[in-house]
Amino acid sequence: YQISAEKIIVVPNGVDTHEIRYTSVSERMRNKERLGLSREKIGVFMGSWHGPNLEACQVLFQVADQCPEVKFMLLGSQCEYFKDKKLPENVALMGLVSEETKANVFQTADFALNPMYSGSGTNLKMFDYMAAGLPIITTEFGTRGIQDKQLFHLANTTEEFAQEIHSFQLVNEDGRVEMARKYVEERFDWRVIAKVLRDRMIYR
């Protein structure tokens with residue numbers, strides 16, 4: 001459109017870190033023990049009924065078949081698409097849930113999954129996961145827009161996802177989740193994003 005680059009500012013997707021409660025690894029382990037889930041390994045994937053999310057679910061089902069000892073919980077309207085289909089026995093479709101239920105799941109699961117291979121823009125769910133203190137296993141494509149890849153466990157095939165899940169130990173995730181929470185607070189909190197936009201509008 002022949003507009004000067006000086007007149008353009010990128011306003012990224014973000015998250016309200018003040019609304020999403022951070023759960024440390026030690027607290028997460030206590031929550032699991034309180035609910036009698038200490039021996040369970042639980043993964044969560046959240047998404048809307050959207051093509052790239054449905055594609056990611058198909059990948060997740062293949063991973064679930066390779067990890068029968070792990071429980072996989074799916075949240076969001078994506079579940080409606082699969083409700084009458086045959087799924088692995090270790091996959092639970094929770095569908096649309098309240099914010100309270102979502103928070104409870106986020107405070108109890110061992111890790112979040114983001115097996116994305118298509119779509120545009122950053123994945124909002126990634127910021128939710130990071131803010132909540134959930135360790136994340138994701139494709140590299142799923143990290144687009146996030147520069148620090150060391151914050152995640154990267155897996156690009158179903159076999160790599162299965163390997164990461166088999167070797168995953170929640171007790172080892174302290175440093176990673178703390179850094180991820182700090183990263184999202186400093187770069188993707190809505191207040192930080194709004195300040196950058198406001199300052200640009202005022203001072204240009």
Side-chain angles (χ1 to χ4, degrees), residues 12-13 15 20 28 40-97 102 105-170 172-173 176-177 179-181 183-184 188:
N13 286 323
V15 66
I20 298 181
R28 191 173 296 281
E40 302 283 0
K41 187 179 283 189
I42 303 168
V44 61
F45 176 63
M46 177 177 67
S48 61
W49 186 331
H50 175 52
N53 286 331
L54 302 183
E55 179 185 63
C57 286
Q58 298 285 6
V59 174
L60 190 150
F61 300 151
Q62 295 176 38
V63 173
D65 280 332
Q66 296 182 42
C67 302
E69 75 287 0
V70 180
K71 303 295 189 295
F72 296 88
M73 304 174 70
L74 274 63
L75 280 65
S77 58
Q78 62 184 356
C79 297
E80 287 297 308
Y81 180 83
F82 297 102
K83 66 179 182 180
D84 296 321
K85 294 178 172 57
K86 183 174 174 58
L87 304 177
E89 292 184 358
N90 54 334
V91 173
L93 302 179
M94 297 188 67
L96 294 172
V97 299
K102 172 186 164 183
V105 172
F106 276 25
Q107 291 166 24
T108 307
D110 291 85
F111 55 85
L113 295 155
N114 192 43
M116 303 297 293
Y117 292 89
S118 63
S120 60
T122 51
N123 288 137
L124 282 166
K125 62 177 72 69
M126 289 286 281
F127 302 139
D128 283 1
Y129 297 157
M130 294 165 75
L134 272 165
I136 302 169
I137 304 174
T138 178
T139 57
E140 189 164 1
F141 183 84
T143 70
R144 61 198 184 282
I146 303 173
Q147 291 183 334
D148 191 347
K149 311 303 182 184
Q150 296 182 14
L151 300 174
F152 316 111
H153 295 270
L154 295 179
N156 290 309
T157 66
T158 55
E159 290 75 17
E160 289 175 0
F161 267 96
Q163 289 169 8
E164 287 290 340
I165 290 170
H166 284 310
S167 63
F168 179 88
Q169 295 294 327
L170 180 59
N172 298 328
E173 295 296 309
R176 196 189 304 265
V177 295
M179 287 190 297
R181 171 71 187 203
Y183 186 92
V184 80
F188 292 101

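We number each residue from 1, following the sequence as shown.
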Could you check whether the rings of Phe188 and Tyr183 sit parallel, tilted or perpendicular, using 30° and 60° as the cut-offs?
tilted
Considering only heavy atoms from C-beta outward, does the side chain of Val63 approach that of Phe45 to under 4.5 Å?
no
Looking at every non-hydrogen atom in both residues, tell me the closest pair between Lys125 and Asn53 and how far apart they are.
NZ-OD1, 3.0 Å
Should Pro135 and Leu170 count as side-chain neighbours, where that means a heavy-atom distance under 4.5 Å?
yes
Check Ala109 against Val44 and note the closest heavy-atom contact, atom names and distance.
CB-CG1, 4.0 Å
Sort and list the pairs that fulfil side-chain hydrogen bond (donor to acceptor under 3.5 Å, both in side chains) and have at least one residue in residues 69-80, not counting sequence neighbours.
Glu40-Lys71, Glu69-His166, Glu80-Lys83
For Cys79 and Leu74 the tightest heavy-atom approach is SG-O, 3.3 Å
side-chain hydrogen bond (donor to acceptor under 3.5 Å, both in side chains): pairs with one or both residues in residues 55-64, sequence neighbours excluded
Glu55-Ser118
Please name all residues satisfying side chain to side chain donor-acceptor pair (under 3.5 Å) with Glu164, sequence neighbours left out, ordered by chain then number.
His153
Is a side-chain N or O of Tyr129 found less than 3.5 angstrom from the main chain of Phe106, in a donor-acceptor match?
no
I'd like to know if the side chain of Asn13 and the backbone of Leu124 have a donor-acceptor N/O pair within less than 3.5 Å.
no
Heavy atoms, side chains only, cut-off 4.5 Å: are Arg28 and Val177 in contact?
no
Set of residues satisfying side-chain contact (heavy atoms from CB on, under 4.5 Å) with respect to Asn172, sequence neighbours excluded:
Gln169
For Phe152, enumerate each residue passing the ring-ring contact (aromatic ring centres under 6.0 Å, His included) test, keeping only those at least two apart in sequence or located in another chain.
none
Review item, side-chain donor-acceptor pairs of residues 136-146, under 3.5 Å, at least two apart:
unit_1, atom_1, unit_2, atom_2, d
Thr138, OG1, Asn114, O, 3.1
Thr138, OG1, Asn114, ND2, 3.3
Thr139, OG1, Met116, O, 2.5
Thr139, OG1, Gly142, N, 3.0
Thr143, OG1, Glu140, O, 2.7
Thr143, OG1, Lys149, NZ, 2.7
Arg144, NE, Gly121, O, 2.7
Arg144, NH1, Asn123, OD1, 3.3
Arg144, NH1, Phe141, O, 2.9
Arg144, NH2, Gly121, O, 2.9

Could you check if a side-chain atom of Leu113 sits within less than 4.5 angstrom of a side-chain atom of Ile165, using non-hydrogen atoms only?
yes
Do you know the tightest heavy-atom contact between Val91 and Phe61?
CG1-CE2, 3.9 Å
So Phe161 and Gln66, do their side chains get closer than 4.5 Å, heavy atoms only?
no
